[in-house]
Protein chains: 2
Amino acid sequence: MPTPDPPRKVRADARQNLDTLLVAARTVFARSGVDAPAREIATEAGVGVGTLYRHFPNRAELVAAVFTTEIDATAAEAASLLATHPPGEALDLWITRFTRFVATKQGLSAALRSGDPAYDALPALLTSKLGPALASLLEAASAAGEIRPGVDPLELLQAVGDLSHRAPSPDGTPNPMVRLLLDGLRAQ
Amino acid sequence: MPTPDPPRKVRADARQNLDTLLVAARTVFARSGVDAPAREIATEAGVGVGTLYRHFPNRAELVAAVFTTEIDATAAEAASLLATHPPGEALDLWITRFTRFVATKQGLSAALRSGDPAYDALPALLTSKLGPALASLLEAASAAGEIRPGVDPLELLQAVGDLSHRAPSPDGTPNPMVRLLLDGLRAQ
DNA sequence: TGCGTAAGCGGAACAACGTTCCGTATAGTG
DNA sequence: CACTATACGGAACGTTGTTCCGCTTACGCA
């Protein structure tokens, strides 16, 4: 087998630029949505586009990197909700939280749902991070007899993402169509 | 008031090119999806892009024009389903049909859901044509007590569109998430 | 401390897109 | 048959994402 892990030396300025890029991207995404041009992000970071593309193979990976921490937090919340609420209620609360996360990020849902291969990294990220979280919630609620069994977590996750493009109503009420979907889980 | 309708003379070759463009667009959309480049459509029709853009202000209008007849047919089917089936069943059948229509058109749902202003004409078309059709189905089913009242037809239409990007399963089973949504309509 | 080298950088350049523009061609009329 | 409004083709423009490469610079070693 080849050298397992040759001591990679990462230059300090490279590490620095990577951080700067992430911060800039977060700023720009908030201001102009995830569809903001790569050049705008590079400019905001004060680097050239070449630098951006050395750190991220494409825009989607950058988007994914920016939202990773927030996604991790959302995933983590599944466990704590499950510990403090009845399974069905925990499921609802978590879905609502996820809905708000998606709706909050201007253009995130559009990117998720575009089917554009350029954004493949995003579904992959949600799948790997949020899939298991939702699976645990579904399993608990299903075991408690609160929802029908046999619902595919990834399919549901994708569906909720699909439905979450509208901004959440200010009073905290979740999207009515998501509500409908959740009610459907309880039928039969 | 100004001249109400000065006898416009439409040149024969213009009318001809318009038809050719529609046929070409239908062909190309089927082959390469609705995201196919405008140039590809113009080439298929054997005309220049300028001609395309004189007949349609933008790509979205062309897409809308291509699907108009099919959309009209779908809308019309609401009435006939309502005449031959119980309201709830008619609703399910129609939604399934709509689902298949969207899933069949490669990239149509992506366009619908993209939020891209370039595709504004599409939601407008569905809204005006299919909205009333779905409204009649919902009203009938609701009056029969088969579903909950107060569901916004346009919201539901959009939601089903959002969920219909996967190809329909060959056995004719509708998308499970759409199924869930429909079950949700029956809850309470 | 200074130097050589690879890691890293900037931004010009490329390809693909939607859309606009305008010189040229022609359908239809008198 | 000639004239003109109508329509046409396709080059050109502005914006994308992404690639490429000559130059810069960090940093391990002497």
Side-chain angles (χ1 to χ4, degrees), chain A residues 3 5-22 24-25 28-29 32-66 107 110-111 114-122, chain B residues 3 6-22 24-25 28-29 31-66 107 110-111 114-122:
Chain A
T3 319
D5 207 2
R8 318 279 193 105
K9 31 180 182 178
V10 187
R11 262 169 58 167
D13 57 343
R15 174 102 237 139
Q16 162 77 319
N17 272 333
L18 196 155
D19 289 347
T20 308
L21 272 169
L22 282 174
V28 170
F29 289 162
S32 315
V34 286
D35 287 332
R39 271 176 254 267
E40 184 178 343
I41 297 162
T43 300
E44 172 82 22
V47 304
V49 275
T51 301
L52 191 162
Y53 277 96
R54 180 148 350 79
H55 287 295
F56 305 95
N58 54 48
R59 282 179 35 72
E61 294 284 351
L62 172 56
V63 175
V66 165
S114 68
D116 186 336
Y119 282 118
D120 275 355
L122 285 180
Chain B
T3 321
R8 317 279 191 107
K9 32 182 181 180
V10 186
R11 261 169 59 167
D13 57 345
R15 172 105 238 135
Q16 163 78 320
N17 272 334
L18 195 154
D19 289 348
T20 309
L21 271 169
L22 282 174
V28 171
F29 289 161
R31 187 206 312 140
S32 315
V34 285
D35 286 332
R39 270 176 255 268
E40 184 178 343
I41 297 162
T43 301
E44 172 82 22
V47 304
V49 275
T51 300
L52 190 161
Y53 278 95
R54 181 148 352 76
H55 287 294
F56 305 95
N58 53 48
R59 282 179 36 72
E61 295 284 351
L62 172 57
V63 175
V66 165
S114 68
D116 187 336
Y119 281 120
D120 275 356
L122 286 179

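The sequence lines fix the lettering, A, B, ..., with proteins before strands; numbering per chain opens at 1. If you're wondering where the values come from, they're calculated on a predicted model, not measured in any experiment.
- Rounded to the nearest 0.5 Å, atoms CD (Glu44(B)) and CG (Leu52(B)) are 12.5 Å apart.
- Distance, Arg15(A) CZ to dA7(C) P: 17 Å, rounded to whole Å.
- The two atoms that bring Leu22(A) and Ala65(A) nearest to each other are CD2-CB, 3.8 Å, heavy atoms only.
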Protein and nucleotides 28-30 of chain C: nitrogen or oxygen contacts under 3.5 angstrom:
{"unit_1": "dG28(C)", "atom_1": "OP1", "unit_2": "Ala12(B)", "atom_2": "N", "d": "3.0"}

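- Shortest non-hydrogen contact noted between Asn58(A) and Tyr53(A) is CA-CE2, 3.9 Å.
- Contacts of residues 44-51 of chain B with DNA chain D (heavy atom under 4.0 Å): Gly46(B), Val47(B), Gly48(B), Val49(B), Gly50(B), Thr51(B).
- In this structure, CG on Asp13(B) lies 11.5 Å from CG on Leu18(B), to the nearest 0.5 angstrom.
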Filtered N/O pairs between nucleotides 22-24 of chain C and protein, under 3.5 Å:
none

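- With sequence neighbours excluded, the residues forming a side chain to side chain contact (heavy atoms under 4.5 Å, CB included) with Thr20(B) are Gln16(B), Ala45(B), listed by chain and number.
- Distance Leu21(B) CG to dC8(D) C1': 12 Å, rounded to the nearest Å.
- When side chains are defined from C-beta on, Ile41(A) counts as touching Arg59(A), because their heavy atoms get closer than 4.5 Å.
- Between Tyr53(A) and the phosphate of dT18(D), there is a side-chain N or O to OP1/OP2 separation shorter than 4.0 Å.
- The 12-atom threshold is exceeded at CZ of Arg31(B), counting heavy atoms of other residues, nucleotides or ligands nearer than 6.0 Å.
- Distances shorter than 4.0 Å separate some side-chain N or O of Asn17(A) from OP1 or OP2 on dC9(C).
- Not counting sequence neighbours, the partners of Arg39(B) by the side chain to side chain contact (heavy atoms under 4.5 Å, CB included) test are Val49(B).
- Distance CG (Leu52(B)) to P (dC21(C)): 17 Å, rounded to an integer number of Å.
- The phosphate of dA7(D) (OP1 or OP2) has no side-chain N or O of His55(B) nearer than 4.0 angstrom.
- When side chains are defined from C-beta on, Val63(A) does not count as touching Phe56(A), because their heavy atoms never get closer than 4.5 Å.
- By the salt bridge (charged side-chain N to carboxylate O under 4.0 Å, His left out) test, Asp19(A) pairs with no residue at all, sequence neighbours left out.
- Straight-line distance from the CG atom of Asp35(A) to the P atom of dT15(D): 17 Å, rounded to whole Å.
- The nearest pair of heavy atoms linking His55(A) to Ala14(A) is CE1-O, 3.4 Å.
- Between the CZ atom of Phe56(B) and the P atom of dA7(D) there is a distance of 14 Å, rounded to whole Å.
- Here the P atom of nucleotide dG10(D) and the CZ atom of Arg39(B) are 12 Å apart, to the nearest Å.
- Nucleotide dT15(D) holds its P atom 17 Å from the CD1 atom of Ile41(A), rounded to whole Å.
- If you take CZ of Arg59(B) and P of dA16(C), they are 17 Å apart, rounded to a whole angstrom.
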